[in-house]
Each structure stands twice: as structure tokens, then as C-alpha cells.
Novice: 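Sharing a structure below in C-alpha cells format, with a few things to ask.
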Amino acid sequence: SDHSHRYEEREAEDNVSTVIQLVLLGFSDLPNLQGLLFGVLSIIYIIILTGNSLIIILTRLDPTLQKPMYFFLANFSSLEICSVSVTLPRILVNLWTQDRSISVLDCAAQMCFFLILGATECFLLAVMAYDRCVAICGPLHCPLVMTPKVCLQLAVGSWVSGIPVQTGQTRWIFSLHFCHLNEINHFFCDIPPILKLACGDTFAHAPSVCVAVLLVAAVPFILILASYSKIVCTILRLPTARRAKAFSTYSSHLLVVLLFFGSATITYLRPKSRHSAGTDRLLSLFYTVVTPTFNPMIDSLQNKGVIAALRKLLLKV
């Protein structure tokens with residue numbers, strides 16, 4: 001037995017060879033709610049896919065919606081479909097089959113895509129805020145005029161910028177030694193629950209997570225604040241009658257921004273002692289499922305152009 005014990009120890013030193021399969025515990029502590037959760041999350045997924053696809057189709061087809069704002073809205077809707085599809089289908093499969101295992105490679109891929117798309121969302125929200133700033137403050141105050149070429153460059157930049165940072169971050173996290181249980185107390189492979197599996201003091205590694213979060217989130221957030229302070233100053237100069245209308249248009253986008261950045265900040269920048277799996281899961285459910293359901297609705301239902309286009313489309317049908 002001593003021999004086998006030594007063998008196990010040597011195995012344990014061979015990094016990831018010890019943990020090939022991980023288990024996403026997900027909602028396994030709610031055995032009576034599995035069916036209900038499956039039903040509710042399936043409906044939410046269908047709503048997200050349908051609502052966002054509709055926005056993409058409308059902004060492509062309707063000639064009145066060929067402005068930069070709608071181009072970015074379509075990008076945002078595509079992003080919501082992608083980011084939800086990174087996490088939700090897996091959750092649904094886990095609930096349906098009750099098989100919660102996930103390979104280390106799948107887990108790393110899920111984390112990588114999730115983080116890249118999270119970065120894209122930060123950049124895209126900043127670009128949308130800037131675009132609204134250009135629209136309301138007039139081209140005089142804004143160095144970049146939104147030509148189709150500039151719009152395309154900004155969109156591509158948003159989708160691509162997060163790739164090097166987040167791929168590096170994922171590689172670094174999965175190069176750590178995992179020596180705790182192989183159970184992830186979460187419903188997808190997010191940074192905090194994976195770091196809990198790593199040996200030793202992961203607090204030493206926390207700064208690099210913070211640096212990545214700052215690069216990807218703080219810079220866009222500062223740009224958003226700059227755009228919005230400019231927008232608010234401009235709106236305050238408007239006559240009172242137009243002021244209310246302008247505020248209602250921009251407050252909806254601001255709500256989307258705050259929902260996204262608020263939940264992400266609490267998740268990634270909270271001290272480790274405060275992390276409880278329950279709160280982590282609730283928060284994550286919030287920004288992986290709840291906000292993508294409401295974002296397009298908040299943004300589009302506030303938007304006269306989108307509503308008019310939808311009416312036209314429905315009348316045609």
C-alpha cells in the first residue's frame with residue numbers, strides 16, 4: 001500500500017493528469033427543482049434567441065434602421081446570443097441528463113469563450129455609449145465621425161480586443177496545479193470557482209485576474225462615464241420639453257451598463273473571504289441569464305425606430 005501511496009503522490013505532482021474530469025455541481029443541491037429549472041431556463045433561452053434574432057433581422061432588413069446605432073445594436077444582440085450559448089445549453093444538458101461531468105479541456109474552452117465575450121461586451125457598451133454621445137452632442141465635440149468604415153472598425157475591434165488578454169488568462173488559470181476536489185461548485189467554468197480547485201495560495205495569483213479585469217472592464221467603463229457625462233451636460237442645455245425625452249432614451253442604455261458592470265464587479269473583485277458559492281451562483285445567474293434576457297428589450301423597446309420596424313414587419317406577415 002505504501003508503494004501505491006507513493007505512486008499517487010507522484011501522480012498528483014503531474015499537474016493536470018490528476019484531474020482530467022471535472023464535475024459542475026450546478027444546481028444539484030436543489031434536487032426537487034431540477035425539472036422546474038430546466039423548464040424556466042429553456043423558456044428564457046428561447047426568449048433570448050428569438051428576441052435577439054428579431055433585432056438582428058430588423059436592423060438588417062429595414063431601410064430606416066441603417067444608422068450606426070442600429071448596427072451596434074445588432075452586434076450587441078449577436079453577442080448576447082453567443083455569450084448565452086456558451087453557458088446555458090450546458091446547464092440545460094446537465095439538468096436534463098443529470099450528468100454533470102465536464103472535461104478540463106471543455107471547461108477551459110468554456111471559460112475562454114465566456115471571458116472573451118465578456119470583454120467584447122465591455123468594449124461594445126463603450127462604443128455604443130460613444131456613438132450616442134456623437135449622436136446627441138453633435139460631430140463638433142467628437143473626434144471620430146461615425147462613417148460606416150469607422151463603425152465596422154470599432155465593431156471588429158470590440159470583438160477581437162479581448163482575445164489575447166482572455167486567452168492568456170485562461171491558459172494561466174489552467175496551468176495551475178489542481179489538487180482539491182474536482183467538483184466545481186457552480187454551473188459553468190468561471191474564474192472564482194476554478195481558482196478554488198487550485199493548490200496553494202491562489203491569492204498570489206489574484207493580482208493578474210485584477211489586472212485583466214481592469215484592462216478589459218475599467219478602461220471601457222471610464223470611456224462610458226466620459227461619454228455619459230458629456231451626454232448629460234448636453235441634455236441639460238436642451239429646452240425642458242425635449243429634456244425628458246432625451247433622458248428616457250439614454251437612461252435605458254445606462255441601466256444596461258450598470259446591470260452588467262455592477263454584477264461583474266461584485267463577482268470578480270470581491271475579496272475571497274466573502275465568496276460563498278450560493279451568492280456566486282446567484283450573481284452569475286444574473287449576468288449570464290437575466291441581463292441578456294432584458295438587455296435587448298431595454299435597448300429596443302425604448303427605441304421608436306425598432307418598434308416602428310417591428311410593426312411594419314408584423315403587418316407584412
Side-chain angles (χ1 to χ4, degrees), residues 72 75-76 79-80 82-83 86-87 111-134 137 141-144 150 153-173 188-195 202-233 250-275 279-280 283-284 286-288 290-292 294-295 298-299:
F72 293 126
N75 268 279
F76 195 60
L79 174 67
E80 294 296 17
C82 294
S83 58
V86 170
T87 54
M111 179 188 282
C112 193
F113 280 113
F114 181 75
L115 292 176
I116 288 170
L117 294 170
T120 301
E121 185 152 350
C122 295
F123 297 133
L124 210 48
L125 285 170
V127 168
M128 288 165 84
Y130 182 80
D131 171 56
R132 285 168 198 214
C133 181
V134 174
C137 305
H141 300 280
C142 303
L144 279 182
V150 170
Q153 286 169 338
L154 286 170
V156 170
S158 299
W159 283 92
V160 174
S161 299
I163 294 174
V165 181
Q166 303 293 38
T167 312
Q169 167 126 301
T170 308
R171 276 188 58 178
W172 164 78
I173 286 172
F188 74 101
C189 296
D190 200 358
I191 296 176
I194 294 291
L195 281 182
T202 52
F203 195 72
H205 307 300
S208 71
V209 174
C210 285
V211 167
V213 169
L214 288 175
L215 262 178
V216 161
V219 175
F221 191 62
I222 290 163
L223 293 173
I224 290 169
L225 287 180
S227 296
Y228 268 95
S229 46
K230 214 162 206 162
I231 287 171
V232 169
C233 292
Y250 291 103
S251 58
S252 63
H253 182 67
L254 201 54
L255 181 64
V256 171
V257 170
L258 293 175
L259 282 176
F260 175 73
F261 280 101
S263 52
T265 307
I266 297 167
T267 304
Y268 293 111
L269 298 179
R270 249 188 348 198
K272 198 174 177 183
S273 55
R274 296 272 170 80
H275 277 266
T279 353
D280 268 4
L283 267 171
S284 300
F286 192 76
Y287 67 80
T288 48
V290 180
T291 42
F294 291 114
N295 282 355
I298 293 172
D299 253 343

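In this text, all values refer to a predicted model and were calculated from it rather than measured experimentally.
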Novice: Could you please spell out the steps behind the side-chain contact (heavy atoms from CB on, under 4.5 Å) verdict for Asp190 and Phe114?
Specialist: CA-CA 8 Å; Asp190 200 358; Phe114 181 75; 4.0 Å; yes
Novice: Any chance you could measure Ile163, atom CD1, to Leu115, atom CG, to the nearest 0.5 Å?
Specialist: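 Nearest 0.5 Å value for the CD1-CG distance: 12.5 Å.
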Novice: Take a 6.0 Å sphere around OH of Tyr228 and say whether it holds more than 12 heavy atoms from other residues, nucleotides or ligands.
Specialist: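 Above 12, so yes.
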Novice: What closest approach, in Å, do Ser161 and Pro164 show between heavy atoms, and which atom pair accounts for it?
Specialist: O-CD, 3.4 Å
Novice: Of all heavy-atom pairs between Leu195 and Trp172, which one has the smallest distance, and what is that distance?
Specialist: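 Of all heavy-atom pairs spanning Leu195 and Trp172, the closest is CD2-CH2, 4.4 Å.
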Novice: How long is the gap from CG on Leu124 to CG on Asn75, to the nearest 0.5 Å?
Specialist: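 CG of Asn75 is found 5.5 Å from CG of Leu124.
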Novice: For Phe260, what residues pass the side chain to side chain contact (heavy atoms under 4.5 Å, CB included) criterion, not counting sequence neighbours?
Specialist: Glu121, Cys122, Leu125
Novice: Would you indicate whether the side-chain heavy atoms of Ile224 and Tyr130 approach each other to under 4.5 Å?
Specialist: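 SC-SC contact between Tyr130 and Ile224 ruled out.
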Novice: Measure across Thr167 and Cys112 and return the closest heavy-atom pair with its distance rounded to 0.1 Å.
Specialist: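 That closest heavy-atom pairing would be CA-SG, 3.9 Å.
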Novice: For Ala119, which residues count as a side chain to side chain contact (heavy atoms under 4.5 Å, CB included) partner, sequence neighbours excluded?
Specialist: Phe123, Gln166, Val216
Novice: CZ/Phe113 to CZ/Phe188 distance, rounded to the nearest 0.5 angstrom?
Specialist: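 The CZ atom of Phe188 is 15.0 Å from CZ of Phe113, to the nearest 0.5 Å.
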Novice: Can you spot which of Val86, Ile116, Ile173 makes a side-chain contact (heavy atoms from CB on, under 4.5 Å) with Met111?
Specialist: Ile173
Novice: Could you state the interatomic distance from CG (Leu117) to OG1 (Thr288), rounded to the nearest 0.5 Å?
Specialist: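 Reported to 0.5 Å precision, the distance equals 13.0 Å.
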Novice: Tell me, do Ile191 and Gln169 make a side-chain contact under 4.5 Å, heavy atoms counted?
Specialist: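 Counting from C-beta outward, Ile191 and Gln169 do come under 4.5 Å.
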